[in-house]
J.: 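So that we are looking at the same thing, I have put the structure below in structure tokens.
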Amino acid sequence: YVYTTPGSDPLGRLNQPGHPFLAMNAATVSGPGVDFATQFVAVNRLHILVAQETMSISAVPEEVAATSGDVTP
């Protein structure tokens, strides 16, 4: 997962020809025979096979939102 600031273009970062590597902080690496966490990893963009932008999720628990009136039925 790559977290970006609101308003940025996370998928656009994959199409920057002048930057062959994608820097990732606080990364977890999992795969066949590999499972570790690290402070930093640089991923060669040519090795990225799939990318998907996901929606942001509210960090407010439902119980708190319900008591504050922030929930739409």
Side-chain angles (χ1 to χ4, degrees):
Y1 295 99
V2 175
Y3 300 98
T4 57
T5 58
S8 63
D9 182 12
L11 295 179
R13 292 182 64 192
L14 296 174
N15 296 320
Q16 296 176 342
H19 302 281
F21 291 92
L22 181 65
M24 299 173 64
N25 293 325
T28 300
V29 179
S30 298
V34 174
D35 191 20
F36 66 93
T38 183
Q39 295 292 320
F40 173 83
V41 66
V43 179
N44 186 323
R45 290 184 312 116
L46 297 177
H47 292 216
I48 299 173
L49 303 177
V50 177
Q52 178 180 0
E53 186 173 2
T54 57
M55 303 292 291
S56 62
I57 300 172
S58 174
V60 178
E62 291 179 22
E63 297 81 14
V64 173
T67 59
S68 66
D70 291 340
V71 175
T72 303

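Since we're looking at a predicted model, the values are computed, not measured.
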J.: To check you understand the geometry: which heavy-atom pair defines the closest contact between His19 and Arg45, and what is its length?
T.: O-NE, 2.5 Å
J.: Quick check: closest heavy atoms across Asn44 and Leu46, and the distance to 0.1 Å?
T.: OD1-N, 2.9 Å
J.: Please report the closest heavy-atom contact between Phe40 and Asn25, naming both atoms and the distance.
T.: CD1-OD1, 3.6 Å
J.: Tell me whether Phe36 shares a hydrophobic cluster with Met24, the cluster being built from Ile, Leu, Val, Met, Phe, Trp, Tyr side chains joined at under 4.5 Å.
T.: no
